[in-house]
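Nothing here was measured: the structure is a model prediction, and the numbers come from that model.
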Amino acid sequence: MPSIIYWAVPVFFILLVLEWLWFRRHPDSAAKGYETSDTLASLAMGLGNLVTAALWKTVALGLLFMVYEVRLFTLPVEAWWSWVLLVLGDDFCYYWFHRFGHRVRLGWAAHVNHHSSQFYNLSTALRQSWTGPLLKVWFYLPLAWLGFHPLMIVTAQAISLIYQFWIHTEVIDRLPRPLEWLLNTPSHHRVHHGSNPAYLDRNYAGIFICWDRLFGTFTPETEKVRYGLTTPLESRNPVWIAFHEWVAMLTHARRARHWKNKLGYLLMPPDWDPSDADEPRLHLQS
């Protein structure tokens, strides 16, 4: 992981404290604010993510360099337009990685922890996956094949991650309309974290909301957001938060009678259930 992320961590904590102080000064706010055990769980998840990402970094970079060796072009590192193209390309890859994390259960097992909090504040941004880094790199290999240097790619990933920190807040309502149209904003991302039926699996954007508008997954914030999962996860144990859906998914797959259903529990959407008449319905809470 680029050092820019480690330099950003102190800034994250300063902003988190400032947001917490804002809620202390505005106890009548309609926002939920902070809850100690939930915040500590989010911080523990963030720390675990830093560890797993660092452990996986060598493998991920190795894969990017392998693909870079057979690149179509060589895009100059020093050219400003290379970085503009890369930020756009990185955001496009992130959109599909994020969408995979919601619509394929294997991806959801890695991503669900980020949605498990029933609060929405800057600490929620730190509730990151411990297993997501193992899946993420595969969606960025096309950038290396097109000719972006691997170190440029991981830097662009870090820029995206830093950008997405500040949108996890209820303190900011709406930005000026042109920015709301172009960028992923706190309002758009609140929708993404909502368990309201109208908000499920919407607004996958990283930095630019245009991908959601283009691919039909955009929904504006129109009703009060209910945060968390459709079946709330009450645990504050970071290990269970990180792995509860892996346990549920693999249990479903193990109990399924047919191989196609075993694979379905891994590769179909999270709410998928086989329609075979001789396949029993499984109701393991995830």
Side-chain angles (χ1 to χ4, degrees), residues 4 8 11-12 14-23 25-34 80-103 111 114-115 117-128 139 143 155-228 230:
I4 185 175
V11 178
F12 289 168
I14 291 171
L15 293 175
L16 191 152
V17 171
L18 290 176
E19 185 187 47
W20 176 77
L21 290 172
W22 186 93
F23 281 114
R25 291 179 59 88
H26 299 83
D28 298 329
S29 169
K32 297 182 70 172
Y34 283 79
W80 65 268
W81 54 266
S82 290
W83 287 95
V84 172
L85 290 176
L86 176 57
V87 169
L88 289 172
D90 172 89
D91 207 53
F92 181 75
C93 293
Y94 176 82
Y95 172 87
W96 290 107
F97 168 62
H98 198 181
R99 189 164 175 171
F100 165 83
H102 280 258
R103 301 308 301 148
H111 183 61
H114 185 60
H115 288 264
S117 176
Q118 298 175 50
F119 293 79
Y120 190 76
N121 52 55
L122 292 178
S123 75
T124 309
L126 304 179
R127 187 176 285 229
Q128 294 292 321
F139 287 82
L143 295 177
T155 301
Q157 291 174 343
I159 291 171
S160 177
L161 187 64
I162 291 170
Y163 177 89
Q164 291 179 62
F165 174 78
W166 74 276
I167 60 177
H168 290 80
T169 185
E170 292 187 282
V171 173
I172 300 172
D173 184 17
R174 300 290 205 282
L175 299 182
R177 185 171 296 180
L179 296 179
E180 290 285 338
W181 188 89
L182 176 65
L183 298 175
N184 191 17
T185 66
S187 176
H188 298 330
H189 205 59
R190 285 193 292 268
V191 167
H192 179 70
H193 275 259
S195 60
N196 315 44
Y199 291 164
L200 292 177
D201 300 326
R202 311 300 288 176
N203 298 5
Y204 298 115
I207 297 176
F208 301 105
I209 200 67
C210 60
W211 311 119
D212 287 288
R213 297 185 187 277
L214 180 62
F215 296 113
T217 53
F218 174 72
T219 293
E221 184 180 19
T222 56
E223 60 185 67
K224 184 174 177 58
V225 183
R226 297 193 304 273
Y227 300 108
T230 53

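For Y163, the ring pair (Phe, Tyr, Trp, His ring centres under 6.0 Å) partners at least two apart in sequence or on another chain are W166. P176 pairs by the side chain to side chain contact (heavy atoms under 4.5 Å, CB included) definition with P178, L179, not counting sequence neighbours. Listed by chain and residue number, F208 satisfy the side chain to side chain contact (heavy atoms under 4.5 Å, CB included) test with L182 (two or more places apart in sequence, or in another chain). Partners of R103 by side-chain hydrogen bond (donor to acceptor under 3.5 Å, both in side chains), not counting sequence neighbours, listed by chain and number: D201. H115 pairs by the side-chain hydrogen bond (donor to acceptor under 3.5 Å, both in side chains) definition with H102, H111, H192, not counting sequence neighbours. Every residue was checked against the ring pair (Phe, Tyr, Trp, His ring centres under 6.0 Å) condition with W181, not counting sequence neighbours, and none meets it. When the salt bridge (Lys or Arg N to Asp or Glu O under 4.0 Å) test is applied to R190, the partners found at least two apart in sequence or on another chain are D173, E221. The side-chain hydrogen bond (donor to acceptor under 3.5 Å, both in side chains) test applied to Y34 returns E19, not counting sequence neighbours. For F165, the ring pair (Phe, Tyr, Trp, His ring centres under 6.0 Å) test picks out F12, with sequence neighbours left out. I159 is linked by a side chain to side chain contact (heavy atoms under 4.5 Å, CB included) to T155, counting only residues two or more places apart in sequence or in another chain. Every side-chain hydrogen bond (donor to acceptor under 3.5 Å, both in side chains) that Y227 has, sequence neighbours left out, goes to E170. With sequence neighbours excluded, the residues forming a ring pair (Phe, Tyr, Trp, His ring centres under 6.0 Å) with Y95 are Y204, F215, listed by chain and number.
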Apply side-chain contact (heavy atoms from CB on, under 4.5 Å) to residues I207 and N184 and explain how you reach the verdict.
CA-CA 5 Å; I207 297 176; N184 191 17; 5.9 Å; no
Take V171 and F23, measure what side-chain contact (heavy atoms from CB on, under 4.5 Å) needs, and give me the verdict at the end.
CA-CA 9 Å; V171 173; F23 281 114; 4.0 Å; yes
Could you walk me through whether Y94 and Q164 pass side-chain contact (heavy atoms from CB on, under 4.5 Å), step by step?
CA-CA 12 Å; Y94 176 82; Q164 291 179 62; 3.0 Å; yes
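Between H188 and V191 there is no side-chain heavy-atom pair separated by less than 4.5 Å. Within the 4.5 Å cutoff, the side chain of W22 has heavy atoms near those of the S29 side chain. Using a 4.5 Å heavy-atom threshold, the side chains of R202 and D212 count as separate. Side chains of L122 and W20 form no contact here, defined as non-hydrogen atoms less than 4.5 Å apart. For the pair Y199/R226, no side-chain contact is recorded, criterion being any heavy-atom separation below 4.5 Å from C-beta on.
Judged by distance alone, the side chain of H114 and the main-chain N or O of Q128 form no donor-acceptor pair under 3.5 Å.
Here L86 contributes atom CG and W81 contributes atom CH2; the two are 11.5 Å apart, rounded to the nearest 0.5 Å. Expressed to the nearest 0.5 Å, how far CG of N203 lies from CZ of R213 amounts to 8.5 Å. Note that NE2 of H168 is 3.5 Å distant from NE2 of H193, once rounded to the nearest 0.5 Å. The distance from the CG atom of N121 to the CG atom of L15 is 12.5 Å, given to the nearest 0.5 Å. From I162, atom CD1 reaches atom CD of Q157 across 12.0 Å, with rounding to the nearest 0.5 Å. Atom-to-atom distance recorded for L16:CG and L21:CG is 10.0 Å, nearest 0.5 angstrom.
Between G228 and S195, the shortest heavy-atom contact is O-CB, 3.3 Å. Nearest heavy-atom pair, G194 versus V225, reported as atom, atom and distance to 0.1 Å: CA-CG1, 3.4 Å. Of all heavy-atom pairs spanning S160 and D90, the tightest one is CB-OD2, 3.7 Å.
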